[in-house]
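Written below as structure tokens is the structure these notes are about.
Scope of the values below: all heavy atoms of this structure, side chains included, with no hydrogens, waters or symmetry mates. As the structure is a prediction and not an experimental result, all values here were calculated from the model. Residue numbering restarts at 1 for every chain, and letters A, B, ... go by the order of the sequence lines.
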2 protein chains.
Amino acid sequence: MPDFSHDMELNNKQLEIIAIAKALFAQNGFDATSVRDIAQRAQINVAMINYYFDSKENLLEVLIKHGIEAYKLDARKYETASDPFLRLAKMVEHYVDSKFSDLHLYQILTNEANSKKRASYATLFTALRRHNIERLREVVVYGVEKGVFRFYDPVLLHTTMIGTFLNFKMNKSVMEEFIDIPKGMSFEDYLKIELTKHLKYILKAILTYEN
Amino acid sequence: MPDFSHDMELNNKQLEIIAIAKALFAQNGFDATSVRDIAQRAQINVAMINYYFDSKENLLEVLIKHGIEAYKLDARKYETASDPFLRLAKMVEHYVDSKFSDLHLYQILTNEANSKKRASYATLFTALRRHNIERLREVVVYGVEKGVFRFYDPVLLHTTMIGTFLNFKMNKSVMEEFIDIPKGMSFEDYLKIELTKHLKYILKAILTYEN
DNA sequence: CACAAAATTAAACAATCGTTTAATTTAAAC
DNA sequence: GTTTAAATTAAACGATTGTTTAATTTTGTG
């Protein structure tokens, strides 16, 4: 059996299993997805999952650890903008981009965070959250120092951002009846554009609102 | 076996099973909760669940149908306020109140809405959403007619409200490290107060913001 | 008390779960 | 080409799943 306990050097076979497991876990949930489901979709023998990942739970852990880094806000992506409004806008774009880069994993993460059965992954999730809240705080403080933003609790801002995103994404089927999608555009693309616009707007509104 | 297919007259035993199942489904998820888990916690024989509810899935359906009505926004709770700002504030309070009246069920609903395995309940969820979006629209339009609100898409407003609420509630463990709870106050009470305040603020900000 | 219906029980059911084994095939190294 | 390791397979493992059965107890009614 290959070792993957510390650093993760995943071969193509493992990456393929991960990709399929990710989609199934996101769609049906971890518990409702059997290793035989995964094996069938990946066209491999059931035993290969244990051979490569030791256990189903460990597959989940590897899968999460492998992808979670992509969700961390990278300040370099927006701090080049000196105008606070522009920086905020760029940050939002980067934020939405990062989430959309792997929607399946993010759904798994939130489901796992809710379930108390496997609370161990909450640590990874918390670290991610802390990181992103700190980045958000920096952007807010920058605007405050420039005299254009009113300070607002970044924890609350982050909650609203992430909550709006999740609700937007996860209720795809519900949203479809309320909106018209321009032809030649995929639903997800449209969602991404509208979500970005909406988030930019509400953040600006919150940060410049005077009671 | 008692009949519960159409109107639901649930006896005390059934209500007790529902209450326990609700807590377990919310905590561990539907699939990760066995009927034996429920029976043990309810101190009844496993067969009683099938005796009273036919199947585990039907228990879920009865459980959802029995509680979902409480989440519908009731215009009478806030339309007495003639000032648009006050009406908006009262609506938010009523909104948060209704969700907090049964947090477990709401978690189950969102988890079920995400899972594609039992998509049938999505219909109930969609109807609820449509109802609440319509109530929200009325409040917005009222403020616009009074000349104090700028119109903003109620679907987006609703997404942000519900998303913020869910994220607030479901990441309880994550939030705890970021905030200080006044002594003599439960975490949920504090959460409720802060959430209400936050939602009022962002809705006002969005609805009065001029680009 | 007698009788009927409802409630409750222990036991067994077949199906599915994640995992392990032991044998076999494929690939790499010398 | 032979040897060694890695990859893959089918089969079986015990445990757990939701559900059903059939017997028993409890409850309500006359």
Using whole Å, what does the distance between atom C1' of nucleotide D:dT17 and atom CG of B:D37 come to? 11 Å
Suppose we call two aromatic rings close when their centres sit under 6.0 Å apart. Are A:F100 and A:Y106 close by that rule? no
Both A:M48 and A:R36 contact DNA chain D. Which one's nearest nucleotide lies toward the 5' end? A:M48
Report the distance from atom CD of A:E57 to atom P of C:dC17, rounded to the nearest whole Å. 16 Å
Using OP1 and OP2 only, check whether a side-chain N or O of B:N50 sits under 4.0 Å from D:dT19. yes
Nearest-Å distance for atom pair CD1/P, residues A:I44 and D:dA6: 19 Å
Rounded to the Å, how far apart are B:I49 CD1 and D:dT17 P? 12 Å
Mind jotting down which residue pairs meet the side chain to side chain donor-acceptor pair (under 3.5 Å) criterion with at least one end in residues 23-32 of chain B? Sequence neighbours excluded, please. B:D31-B:R118
Phosphate oxygens OP1/OP2 of D:dA7: is one of them under 4.0 Å from a side-chain N or O of A:N45? no
Distance in angstrom units between B:N58 CG and D:dT20 C1', rounded: 16 Å
Tabulate below the donor-acceptor pairs under 3.5 Å that side-chain atoms of residues 151-160 of chain B make, not counting sequence neighbours, or state none.
| residue | atom | partner | partner atom | Å |
| --- | --- | --- | --- | --- |
| B:Y152 | OH | A:H198 | ND1 | 2.6 |
| B:D153 | OD1 | B:V155 | N | 3.0 |
| B:T159 | OG1 | B:V155 | O | 2.9 |
| B:T160 | OG1 | A:T164 | OG1 | 3.1 |
| B:T160 | OG1 | A:H198 | NE2 | 2.7 |
| B:T160 | OG1 | B:L156 | O | 3.4 |

Residues in contact with DNA chain C, drawn from residues 21-35 of chain A - heavy-atom cutoff 4.0 Å: A:T33, A:S34, A:V35
Please determine whether side chain to side chain donor-acceptor pair (under 3.5 Å) holds for the pair A:N58 and A:S55, giving the CA-CA distance in whole Å, both sets of side-chain angles, and the decisive distance to 0.1 Å. CA-CA 5 Å; A:N58 189 249; A:S55 69; 5.5 Å; no
Could you tell me whether a side-chain N or O of A:N132 sits under 3.5 Å from a main-chain N or O of A:L73, the two making a donor and an acceptor? yes
Within the structure provided, determine whether A:Y95 and A:I162 are in side-chain contact (heavy-atom separation under 4.5 Å). yes
Rounded distance (Å) that lies between atom P of C:dT24 and atom OH of A:Y51: 18 Å
Answer yes or no for B:K56 and B:F30: cation-pi contact, defined as NZ/CZ to six-membered ring centre under 6.0 Å and angle to ring axis within 45°. yes
note: A:E16, atom CD; D:dT8, atom P; distance rounded to Å ~ 10 Å
A:K56 NZ to C:dT19 P, straight-line distance once rounded to whole Å: 8 Å
